[in-house]
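Hydrogens, waters and symmetry mates are skipped; everything else that's a heavy atom, side chains included, is used. Counting from 1, the numbers follow the sequence of the chain as shown. Atoms within each ligand, like the ligands themselves, are counted from 1 in listed order.
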Amino acid sequence: MQPALTLYHYWRSSCSWRVRWALALKGLPYESVAVNLLKSEQRSDEYLALNPTGQVPMLKVGDRTVSESMAIIEWLEETYPYEPLLPKDPWDKALVREVTMMVVAGMQPLQNLKVTRFYSEDQKQRDSWSQHFIEEGFHALEKKLAPYSGPYAFGHQLTLADIAIVPQVYNALRVHVEMRRFPRMEAIYSNCLKTDYCDKAAPHRQPDAQP
Ligand SMILES: N[C@@H](CCC(=O)N[C@@H](CS)C(=O)NCC(=O)O)C(=O)O
């Protein structure tokens, strides 16, 4: 039996939402530790001792820890292989990973708090920086996903790609990206939010959520 799971996360963090969603999908209970990014709790000595990246999410399993949302989700996938988030076929899997990485490695890191704060002190400038990279990424994603239809990114099966896209749309809305220009992204977002697991993991459902 696995030791108890503890998730260190922040309600509005898109990377945290990915992991909360995977945990919900697999029906795994966990203890929740809120790390307030706006209060810089991710840079406290106590947190850095556990996770030197100074980022959330981080999963603690017994006395072991793992950070990086994709590493956490892969561990969950391998340890709890039901409700899989990756297709079996190697090519299909590569395509799901491609779209996932477009968001996780290509888009989200550019909107990270420490990046936008370094870029400018002005919130409007930060938002327009984020808009630029989100829009560029969403244009490419709309083209990549054009051959597929159905409620999710790759059709009728929820995959890791949806788990990456939905929190990214949430970030886009926060910086006022005009989502009507990205109908597939918008549809994936609203379809997924209608599912219990995505909704349960959503920012506004978290105990530390602010109005
Ligand atoms: N590649 C990491 C990125 C983690 C990340 O960017 N976390 C953000 C919240 S979504 C964070 O903790 N930012 C803190 C900061 O910028 O100081 C992952 O996928 O987990």
Side-chain angles (χ1 to χ4, degrees), residues 5-25 28 30 32-61 64-78 85-86 96-123 125-127 129-131 133-134 137-138 141 153 159-175 177 189 198 201-210:
L5 306 178
T6 307
L7 182 67
Y8 292 71
H9 61 132
Y10 180 56
W11 67 282
R12 218 156 53 170
S13 143
S14 61
C15 312
S16 299
W17 187 356
R18 296 173 196 153
V19 174
R20 290 194 300 256
W21 189 353
L23 285 163
L25 199 67
L28 297 170
Y30 60 90
S32 177
V33 178
V35 180
N36 190 323
L37 300 188
L38 295 183
K39 291 187 181 158
S40 296
E41 288 176 1
Q42 75 278 25
R43 284 193 279 276
S44 68
D45 290 343
E46 192 191 349
Y47 187 71
L48 287 174
L50 287 169
N51 180 8
T53 70
Q55 292 186 325
V56 290
M58 178 186 71
L59 187 69
K60 194 159 174 283
V61 186
R64 297 193 290 188
T65 59
V66 58
S67 71
E68 287 292 334
S69 59
M70 289 301 117
I72 298 171
I73 293 175
E74 278 188 31
W75 180 81
L76 291 172
E77 279 284 275
E78 285 164 16
L85 289 165
L86 286 167
V96 170
R97 283 190 166 132
E98 177 191 30
V99 165
T100 304
M101 294 313 282
M102 283 167 73
V103 176
V104 168
M107 296 173 68
Q108 184 276 332
L110 291 159
Q111 300 133 50
N112 209 349
L113 203 56
K114 66 182 171 191
V115 174
T116 55
R117 278 185 172 162
F118 186 73
Y119 166 64
S120 171
E121 286 181 3
D122 179 68
Q123 190 57 47
Q125 279 196 348
R126 288 181 190 162
D127 286 357
W129 160 280
S130 296
Q131 274 163 14
F133 290 107
I134 293 172
F138 279 176
L141 284 169
T159 67
L160 196 53
D162 302 292
I163 286 202
I165 288 171
V166 169
Q168 182 57 63
V169 172
Y170 172 79
N171 279 358
L173 293 169
R174 285 184 61 203
V175 296
V177 169
Y189 183 71
C198 177
H204 65 282
R205 297 275 183 221
Q206 304 316 303
D208 56 325
Q210 300 294 314

Does any N or O atom in Ser13 lie less than 3.5 angstrom from one in ligand 1, N or O only? no
Here the atoms of ligand 1 under 4.0 Å from any heavy atom belonging to Cys15 are 3 (C), 4 (C), 5 (C), 6 (O), 7 (N), 10 (S), 20 (O)
Per-atom filter on ligand 1: closer than 4.0 angstrom to a heavy atom of Arg18 are 19 (O)
Ligand 1 atoms nearer than 4.0 angstrom to some heavy atom of Leu113 are 15 (C), 16 (O)
If you scan protein heavy atoms around atom 17 (O) of ligand 1, the nearest is Gln42 NE2, 2.8 Å
Distance col, row Gln206:CD vs Leu7:CG, nearest 0.5 angstrom, shows 9.0 Å
Does any N or O atom in Glu68 lie less than 3.5 angstrom from one in ligand 1, N or O only? yes
#### Entry: Heavy atoms of other groups near Arg64 CZ, more than 12 under 6.0 Å
no
Under 4.0 Å from one or more heavy atoms of Pro57, ligand 1 contributes atoms 20 (O)
Closest to atom 7 (N) of ligand 1 among protein heavy atoms sits Val56 O, 2.8 Å
Of all protein heavy atoms, the one nearest atom 20 (O) of ligand 1 is Ser69 N, 2.8 Å
Under the side chain to side chain contact (heavy atoms under 4.5 Å, CB included) criterion, do Ile165 and Tyr189 qualify, and how do the steps go? CA-CA 8 Å; Ile165 288 171; Tyr189 183 71; over 6 Å; no
Closest to atom 6 (O) of ligand 1 among protein heavy atoms sits Asn112 ND2, 2.9 Å
Just by distance, no angles: are the side chains of Ser120 and Asp122 close enough, under 3.5 Å, to form a donor-acceptor pair? no
Per side-chain contact (heavy atoms from CB on, under 4.5 Å), Trp17 is matched among Pro167, Ser69, Pro57 by Pro167
When you compare ligand 1 with Met70, is there at least one nitrogen or oxygen pair between them that comes in under 3.5 angstrom? no
**Request:** Measure from the side-chain N and O atoms of Asn51 to the backbone N and O of Gln55, and report whether any donor-acceptor pair falls under 3.5 Å.
**Result:** yes
Taken to the nearest 0.5 Å, the spacing of Met58 CE from Glu68 CD works out to 12.5 Å
Note: ligand 1 atoms sitting under 4.0 Å from heavy atoms of Arg43 are 17 (O)
Taking atom types as modelled, find out whether Asp127 and Gln131 have a side-chain donor-acceptor pair closer than 3.5 angstrom. no
One should read off an interatomic distance between Tyr47 OH and Ser40 OG, to the nearest 0.5 angstrom, of 13.0 Å
Honestly, for Lys114 the part within reach of ligand 1 (heavy atoms, under 4.0 Å) is both
among protein heavy atoms, the one nearest atom 3 (C) of ligand 1 is Gln55 OE1, 3.6 Å
